[in-house]
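Atoms within a ligand are numbered from 1 in the order they appear, just like the ligands themselves.
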Amino acid sequence: MSTFNPADNIQDLQYFGEFGGVNPSISDSSTYTFLSAKTMFDTFEGNAEGCYLYSRHSSPSNLYLGQALAAMEGTEAANVAASGMGAITPVLMQLCGAGDHIVSSRTIYGGTYAFLKNFAPKFNISTTFIDITKLDKVEAAITPNTKVLYCETVSNPLLEVADIEGLAKIAKKHNLKLVVDNTFSPLSVAPGKLGADVVIHSLTKFINGSSDTVGGVVCGTQQFIDDLRNVNDGASMLLGPTMDSLRAASILKNLRTLHIRMKQHSHNAMYLAQKFEKDGLKVVYPGLESHSSHKLYASMINPEYGFGGMMTIDVGSLDKANELMELMQEKNLGYLAVSLGFYKTLFSAPGTSTSSEIPLEEQQEMGLTDGLIRFSIGLDNDIERTYQMMKHCMMELNIL
Ligand SMILES: *Cc1c(COP(=O)(O)O)cnc(C)c1O
C-alpha cells in the first residue's frame, strides 16, 4: 500500500469548540436560523455551502464525525447514520429501484442478508447470493439489471476475505457500484483505496468500541453523499436514520483511540489463534497461514493494524459451544453476547444468533457449522494469562 495512513489522517484533523475547547462544541439544535430568506431557499436547493437547515439533513457534530471517517477511509465525504443498518439500507435503496438486481456475498451480516432476501423484494429488487471468494462466480451472476456488487471486506461470521481490487475490476467492467461493508477491518483495510465506490461501517463495533450505542456511516464521493442527503430524493434524508448530535460527538472522541485499540485487538487475537491452532483446535483467523485467503489479506492490509480482532473456533457441537461460552463467562474471560469491538472479549454461536436469519441448509452449504463460536477478542493486558484460563475451560469440557 502507498503512504496512505488512516490514523494519521484522523490525527491531522483539528477541531476546536466555540470557546477554544479542545473538543468541538456539540450542536444542540434540530433547526437553524437564517439571516436572509434567500439563503434558506438556496439551502433547500442545495446551493448554500456551509449552511445548516435541519438536523435530519446535517448538523455540525455529525459533519465533524463524517469528515473524520471520510479521512479514515480516504474518501471525499461521508454521512453518519443512526445504526449500521441505517447506513446500509439507504445506500442500497439509493442505488437500486424496481427491477434492479444486486450480486451479494452469501456470507454477510445477518441483518443485511435478511434485508436483501426478505425486504428488498417488496420493492422488486432481487439479489443473487454467491461465494465472494470466487471471482468467476461473481461475474457469472451479473445480469443486465445488476446495479450493485455487495460484500464485506472480512465476512461475518466466517471471516472470508473479499478480493476488493479484483471485485472493483469486475464492477468497473460491468458499470456496477462496488459497496463494501468494512466493519470488521477499520484502519487495517481501506476499501476505497482498493477501488470500492462506497464504504460502510457499523460504528457500533470497533470504531466506537465501548458498546454503548449503535451507529453507522457511509463513505463515498461528495456527489453520492449529496445524493443520499438530497431533500427531494435522498434515501438518508427521506428514510430518516439520523444520528443524534450528542452521540456523534461521543463517537468522535472514541475514534481518537481507535488505532491503539486495533493494534491490541489484533495482537491478542493473533496470539490466541496461533496458540489454539497449535493445540489442535479448528481456528479460523485471517492472520494464520492456514486461512485460505491469508496471502491475499496480508497484501491488502496496513500491517501496523494487523489482521483484526475477530476469530472463530469450531468446538464440534452446539452443546459444547454453549457449555464453553457459559463457562468462559463464569470465569470472567468475556461475555456471552452478540456484537464486537468491545474492550472485553465477546463470544456467540452465530448459527443460533447473529446468522439465524440464514436458513439452516444455507448455513450448512456455506460452512457455518453448529459448533462454531465467533470471538471478538478484547483488549486484555496479559493475553498469555487469558490463554491459560481459556485453555483450562476447554480442558474441563474435554474440548482440548
Ligand atoms: C453489526 C453489523 C452491521 C449492522 O450494524 P448495526 O449498527 O447493528 O445496525 C452491519 N454489518 C456488519 C458487518 C456488522 O457486524
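- Checked by distance only, ligand 1 and Gly86 stay at 3.5 Å or farther apart across all their nitrogen or oxygen atoms.
- Scanning both residues, Met72 and Pro6, for their nearest heavy atoms gives O-CB, 3.2 Å.
- We find that Lys38 and Asp42 are joined by a salt bridge, their nearest charged nitrogen and carboxylate oxygen being less than 4.0 Å apart.
- For atom 12 (C) of ligand 1, the nearest non-hydrogen atom from the set Ile200, Asp181, Ile88 belongs to Asp181.
- Checked by distance only, ligand 1 and Val214 stay at 3.5 Å or farther apart across all their nitrogen or oxygen atoms.
- Within ligand 1, counting atoms from 1 as listed, the ones closer than 4.0 Å to a heavy atom of Glu152 are 13 (C).
- Looking from atom 8 (O) of ligand 1 to the surrounding protein, the closest heavy atom is Tyr109 OH, 3.8 Å.
- Atoms of ligand 1 found under 4.0 Å from any heavy atom of Gly215, numbered from 1 in the order shown, are 7 (O).
- At a threshold of 4.0 Å, the pair Lys172-Asp197 does not count as salt-bridged, since none of the basic side-chain nitrogens sits closer than that to a carboxylate oxygen.
- Using a 30° and 60° split on the angle between ring planes, Tyr387 and Tyr271 fall in the perpendicular class, above 60°.
- Ser155 does not count as a contact of ligand 1, since none of its heavy atoms falls under 4.0 Å from the ligand.
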message = Please determine whether side chain to side chain contact (heavy atoms under 4.5 Å, CB included) holds for the pair Ile108 and Leu116, giving the CA-CA distance in whole Å, both sets of side-chain angles, and the decisive distance to 0.1 Å.
response = CA-CA 11 Å; Ile108 50 172; Leu116 290 172; 4.0 Å; yes

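- Nearest non-hydrogen protein atom to atom 7 (O) of ligand 1 is Thr204 OG1, 2.6 Å.
- Residue Ser202 places at least one N or O, backbone or side chain, under 3.5 Å from an N or O of ligand 1.
- Shortest contact from atom 9 (O) of ligand 1 to any protein heavy atom: Met85 N, 2.8 Å.
- No side-chain N or O of Ser126 forms a donor-acceptor pair with one of His101 less than 3.5 Å apart.
- With hydrogens left out, the protein atom closest to atom 6 (P) of ligand 1 is Gly84 N, 3.3 Å, a heavy atom.
- With Ser236 as reference, Asn79 is the one residue of Asn79, Val91, Ile225, Asp227 to meet the side chain to side chain contact (heavy atoms under 4.5 Å, CB included) rule.
- Aromatic rings from Phe206 and His201 are positioned such that their centres are separated by 6.0 Å or more.
- For ligand 1, the polar-atom distance check against Lys205 finds a nitrogen or oxygen pair separated by under 3.5 Å.
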